[in-house]
A.B. asks: 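Sharing a structure with you now.
This structure is a prediction, so every number in the text was calculated from the model and none was measured.
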Amino acid sequence: MNHVVLGRTGLKVNPFGFGGIPIQRVTEDEAVAVVRRCYDLGVNYFDTARGYTVSEERIGKALKDVRDDVIFATKSGRRTAEGLEADLETSLGNLRTDRIDVYQLHNVSSPEAWAEIKGPGGALTALYRAKDRGQIEHLGITSHDPGICIEIIEEDIFETMMIPFNYLTPIPQERLLPLCRNMNVGTIVMKPFGGGAFTNVNAALRFVLGSENVDVVIPGMMTIGELEENHAVATGSLNLSLEDNALIEIDRAELGVQFCRACNYCQPCQQDIPISYVLRAESQTLKRMGWRSGMEERLIDVIEVTRTCSECAECEDRCPYGLPIRELIQKRADSLEVLLEARILE
């Protein structure tokens with residue numbers, strides 16, 4: 001793929017980047033192999049975060065001998081200067097480097113969070129200090145809320161912006177992405193596959209990469225097979241076929257806007273309800289994997305714990321997509337009960 005310039009950072013990036021969330025879920029050897037294969041295929045933008053457990057360490061290990069050939073982007077969810085500085089030191093060690101190319105404030109999705117970050121003792125102060133020391137090359141921000149992101153970008157502080165964008169989350173293309181282009185802010189897209197909810201990842205990837213206001217897309221990949229399939233799409237034609245458009249319409253009809261993207265910001269639950277699993281068990285797990293051994297017992301346990309919901313609404317306060325989680329998990333549990341009864345009667 002032809003490289004693009006990531007806004008005013010001046011960094012030349014492959015538009016097909018690497019999202020570091022899924023490599024938490026495989027062995028270290030498998031994770032290192034996937035990351036290294038990315039590099040071999042020409043991927044040079046690697047995104048991770050302090051909150052992604054072992055992801056930073058695995059990327060650092062895989063790319064330690066080619067550090068100067070790649071771009072490291074990581075994040076801190078801390079809102080205070082002291083907290084961010086601690087995260088930064090840990091990230092530098094994990095990634096085996098003396099500098100972070102793009103250091104991002106993680107999930108700034110409310111006015112309150114932004115006010116704390118730029119207030120006295122806030123994380124923004126630490127960002128400036130770290131940049132002066134040469135530990136950070138470029139400042140970025142990530143968010144799940146296009147509205148608050150527009151307000152922040154207009155303050156002209158950040159050089160990059162990351163936002164969810166896909167064919168069922170199109171709002172960023174209305175104002176936010178064009179604003180970033182006009183202000184020469186690099187754009188990075190997460191959740192191109194809707195957190196794994198979409199029917200056809202090929203169509204989803206073509207949709208995002210084909211947008212004129214997107215610089216880099218960072219699909220999460222945890223196997224070499226996934227990587228090579230996505231890479232083949234990214235390096236081929238980005239035109240959506242009639243079949244692609246048909247699959248997109250199916251997803252629009254079946255998923256609407258109230259679907260779980262598996263970001264897991266809703267967790268932990270006071271009642272230990274596996275919220276993302278409940279919301280995705282029927283549409284994702286059963287649809288794609290079928291009735292595996294032990295699935296019936298697993299669903300019985302999940303339904304039982306779902307019924308213990310205390311209605312505290314903490315999950316809804318944390319959900320960046322504003323889902324009515326308390327209502328949705330009970331509806332999903334009802335539907336799973338029907339499926340279980342039919343399964344038992346077979």
A.B. asks: Taking all atoms of both residues into account, what is the closest heavy-atom pair of I275 and C269, and its distance?
C.D. replies: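 Here I275 and C269 meet closest at CD1-CB, 4.2 Å.
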A.B. asks: Do R206 and N239 make a side-chain contact, defined as non-hydrogen atoms from C-beta onward lying under 4.5 Å apart?
C.D. replies: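 Side chain of R206 against side chain of N239, heavy atoms only: no contact under 4.5 Å found.
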A.B. asks: Would you say I141 and S143 make side-chain contact, with heavy atoms under 4.5 Å?
C.D. replies: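 A side-chain contact is absent here, since even the closest heavy-atom pair is not under 4.5 Å.
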A.B. asks: I'd like to know whether E56 forms a side chain to side chain donor-acceptor pair (under 3.5 Å) with T74, so could you lay out the CA-CA distance, the side-chain angles of the two residues, the decisive distance to 0.1 Å, and finally the verdict.
C.D. replies: CA-CA 8 Å; E56 286 181 333; T74 192; 2.6 Å; yes
A.B. asks: Give a yes or no on whether Y128 and V108 share a hydrophobic cluster (residues Ile, Leu, Val, Met, Phe, Trp, Tyr; joining criterion: side-chain heavy atoms under 4.5 Å apart).
C.D. replies: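 Yes, it is one cluster - the side chains of Y128 and V108 are joined through contacts under 4.5 Å.
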A.B. asks: Can you name the one residue among E89, R99, R129 that meets side chain to side chain donor-acceptor pair (under 3.5 Å) with Q135?
C.D. replies: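 Exactly one pass, corresponding to E89.
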A.B. asks: Any donor-acceptor pair under 3.5 Å linking the side chain of S109 with the backbone of H144?
C.D. replies: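 Confirmed, S109 side chain pairs with H144 backbone.
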A.B. asks: Answer whether the closest heavy-atom distance between the side chains of K191 and T169 falls below 4.5 Å.
C.D. replies: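 Not touching, per the 4.5 Å side-chain cut-off.
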A.B. asks: So, using side-chain contact (heavy atoms from CB on, under 4.5 Å) as the criterion, who are the partners of V32 when residues are at least two apart?
C.D. replies: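 Checked V32 against side-chain contact (heavy atoms from CB on, under 4.5 Å); matches are E28, K61, A62.
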A.B. asks: Could you check if a side-chain atom of T223 sits within less than 4.5 angstrom of a side-chain atom of E30, using non-hydrogen atoms only?
C.D. replies: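 SC-SC contact between T223 and E30 ruled out.
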A.B. asks: Between CG of N14 and CG of N44, what distance do you get to the nearest 0.5 Å?
C.D. replies: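 Output value for this atom pair is 6.0 Å.
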A.B. asks: Give me the ring orientation class for H106 and Y52: parallel if the planes are under 30° apart, tilted from 30 to 60°, perpendicular past 60°.
C.D. replies: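 Geometry flag for Y52 against H106: perpendicular rings.
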A.B. asks: Find out if a path of hydrophobic residues (ILVMFWY) with successive side-chain heavy-atom gaps under 4.5 Å connects L11 to V66.
C.D. replies: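 L11 and V66: separate clusters.
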A.B. asks: Tell me whether D101 contacts the main-chain N or O of F72 through its side chain, where contact means a donor paired with an acceptor under 3.5 Å.
C.D. replies: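 Yes, D101 side chain to F72 backbone: donor-acceptor pair under 3.5 Å.
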A.B. asks: Side chains of V214 and L209: does their closest heavy-atom pair fall under 4.5 Å?
C.D. replies: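 When only atoms from C-beta onward are counted, L209 and V214 do not touch, as no gap falls below 4.5 Å.
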A.B. asks: Any salt bridge linking K75 with D87? Criterion: basic side-chain nitrogen under 4.0 Å from a carboxylate oxygen.
C.D. replies: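 No salt bridge links K75 with D87.
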A.B. asks: Would you say CD of E337 has more than 12 non-hydrogen atoms from neighbouring residues, nucleotides or ligands within 6.0 angstrom?
C.D. replies: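 Count over threshold, so yes.
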A.B. asks: Tell me, yes or no, whether the heavy-atom count around R307 atom CZ, taken from other residues, nucleotides or ligands under 6.0 Å, exceeds 12.
C.D. replies: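 Enclosed.
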A.B. asks: Hey, what do you get for OG1 (T160) to CZ (R8), rounding to the nearest 0.5 Å?
C.D. replies: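 The OG1 atom of T160 sits 9.5 Å away from the CZ atom of R8.
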A.B. asks: Does the distance from a Lys or Arg side-chain N to an Asp or Glu carboxylate O, for R133 and D98, drop under 4.0 Å?
C.D. replies: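 Looking at R133 and D98, the cut-off is not met.
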A.B. asks: Determine, stepwise, if the pair V4 / V13 fulfils side-chain contact (heavy atoms from CB on, under 4.5 Å).
C.D. replies: CA-CA 5 Å; V4 300; V13 298; 3.6 Å; yes
A.B. asks: Under the 3.5 angstrom rule, does the side chain of R261 hit a backbone N or O of P164 as a donor-acceptor pair?
C.D. replies: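 Such a contact is absent between R261 side chain and P164 backbone.
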A.B. asks: Looking only at heavy atoms, which two atoms of C38 and M221 are closest? And how far apart?
C.D. replies: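 Taking C38 first and M221 second, the nearest heavy atoms are SG-CE, 4.5 Å.
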A.B. asks: Would a distance-only check, ignoring hydrogens and angles, find a side-chain to backbone donor-acceptor pair under 3.5 Å from R67 to T97?
C.D. replies: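 No; zero donor-acceptor contacts below 3.5 Å.
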A.B. asks: I'd like to check L176 versus M161 (side-chain heavy atoms, cut-off strictly below 4.5 Å). Are they in contact?
C.D. replies: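 Touching, per the 4.5 Å side-chain cut-off.
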A.B. asks: Take the angle between the ring planes of F198 and F259 and call it parallel below 30°, perpendicular above 60°, tilted in between.
C.D. replies: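 Because their plane-to-plane angle lies in the 30° to 60° range, the rings of F198 and F259 count as tilted.
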A.B. asks: Between N166 and F193 (side chain of the first, backbone of the second, donor and acceptor by atom type, cut-off under 3.5 Å), is there such a pair?
C.D. replies: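 No, N166 side chain to F193 backbone: no donor-acceptor pair under 3.5 Å.
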A.B. asks: Mind checking the CD-CD1 spacing from E155 to I152? Nearest 0.5 Å is all I need.
C.D. replies: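 It comes to 7.0 Å.
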A.B. asks: Can you tell if the side chain of Y321 reaches within under 4.5 Å of the side chain of C260, non-hydrogen atoms only?
C.D. replies: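 No, every pair of side-chain atoms sits at 4.5 Å or beyond.
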A.B. asks: Tell me the closest heavy-atom pair linking V208 and P192, and the distance in Å.
C.D. replies: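 So the minimum-distance heavy-atom pair works out to CG2-CB, 4.1 Å.
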A.B. asks: Do I23 and M190 belong together in a cluster built from hydrophobic side chains that touch within less than 4.5 Å?
C.D. replies: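 I23 and M190: separate clusters.
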A.B. asks: Tell me, with the steps shown, if I273 and C309 meet side-chain contact (heavy atoms from CB on, under 4.5 Å).
C.D. replies: CA-CA 8 Å; I273 299 170; C309 175; 3.8 Å; yes
A.B. asks: Applying the 4.5 Å side-chain criterion to the ILVMFWY set and letting contacts propagate, would V5 and Y45 be lumped into a single cluster?
C.D. replies: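 No, V5 does not connect to Y45 through the hydrophobic network.
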A.B. asks: If the test is side chain to side chain contact (heavy atoms under 4.5 Å, CB included), which one of T48, V35, L41 qualifies with F18?
C.D. replies: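 Between F18 and the candidates, side chain to side chain contact (heavy atoms under 4.5 Å, CB included) is satisfied uniquely by V35.
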A.B. asks: How many angstroms lie between OG1 in T187 and CZ in R181, if you round to the nearest 0.5 Å?
C.D. replies: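 Spacing of OG1 (T187) from CZ (R181) equals 5.0 Å.
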A.B. asks: Testing the basics here: between S276 and Q267, what is the closest heavy-atom pair and its distance to 0.1 Å?
C.D. replies: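 So the minimum-distance heavy-atom pair works out to N-OE1, 3.9 Å.
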A.B. asks: Measuring from H231:NE2 to D40:CG, what's the distance to the nearest 0.5 Å?
C.D. replies: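 It comes to 10.5 Å.
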A.B. asks: Kindly give the heavy-atom pair with the smallest separation between A203 and L240, and that separation in Å.
C.D. replies: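 For A203 and L240, the tightest heavy-atom pair comes out as O-CD2, 3.6 Å.
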A.B. asks: Would you please test Q104 and T142 for side chain to side chain donor-acceptor pair (under 3.5 Å) and show each step?
C.D. replies: CA-CA 7 Å; Q104 303 155 105; T142 82; over 6 Å; no
A.B. asks: Have a look at D251 and tell me which of I248, L247, L255 forms a side chain to side chain contact (heavy atoms under 4.5 Å, CB included) with it.
C.D. replies: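 Going through the options one by one, the only one that passes is L255.
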A.B. asks: Please answer whether the main-chain N or O of Y265 pairs with a side-chain N or O of R318 as donor and acceptor at a distance below 3.5 Å.
C.D. replies: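 Yes, R318 side chain to Y265 backbone: donor-acceptor pair under 3.5 Å.
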A.B. asks: Would you call R332-E282 a salt bridge at under 4.0 Å N-O?
C.D. replies: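 E282 and R332: not salt-bridged.
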A.B. asks: Yes or no on side-chain contact (heavy atoms from CB on, under 4.5 Å) for N264 and Y277, after CA distance, side-chain angles and deciding distance?
C.D. replies: CA-CA 10 Å; N264 283 319; Y277 183 86; over 6 Å; no
A.B. asks: Should L105 and I71 be regarded as members of a common hydrophobic cluster, given that ILVMFWY residues are connected when their side-chain heavy atoms come within less than 4.5 Å of each other, either directly or indirectly?
C.D. replies: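 No, L105 and I71 fall in different hydrophobic clusters.
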A.B. asks: Indicate yes or no for a side-chain donor-acceptor contact from R96 to the backbone of I59 under 3.5 Å, with no hydrogens or angles considered.
C.D. replies: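 Looks like no, no N/O pair under 3.5 Å.
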A.B. asks: Quick one: does E296's side chain have a donor or acceptor within less than 3.5 Å of a partner on L340's backbone?
C.D. replies: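 No.
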A.B. asks: Using modelled atom types and a 3.5 Å cut-off, is there a donor and acceptor pairing between side-chain atoms of E137 and backbone atoms of Y103?
C.D. replies: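 Side chain of E137 to backbone of Y103, a donor-acceptor pair under 3.5 Å: no, none is there.
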A.B. asks: May I ask you to test the E116-T80 pair for a side-chain heavy-atom distance under 4.5 Å?
C.D. replies: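 With C-beta onward as the side chain, the pair touches.
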A.B. asks: Is there a donor-acceptor pair under 3.5 Å between the side chain of T308 and the backbone N or O of V305?
C.D. replies: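 A pair under 3.5 Å: yes.
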A.B. asks: Parallel, tilted or perpendicular: which fits the ring planes of F165 and F207, with parallel below 30° and perpendicular above 60°?
C.D. replies: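 F165 vs F207 ring planes: tilted.
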A.B. asks: Let me confirm one number: the CD1-CG distance from I303 to D334, rounded to the nearest 0.5 Å.
C.D. replies: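 Rounded to the nearest 0.5 Å, the CD1-CG separation comes to 9.0 Å.
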A.B. asks: Could you walk me through whether V201 and E229 pass the side-chain contact (heavy atoms from CB on, under 4.5 Å) check?
C.D. replies: CA-CA 9 Å; V201 297; E229 179 182 357; 4.2 Å; yes
A.B. asks: Identify the heavy atoms of G220 and E226 that sit nearest to each other, and give their distance.
C.D. replies: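 So the minimum-distance heavy-atom pair works out to O-OE1, 4.5 Å.
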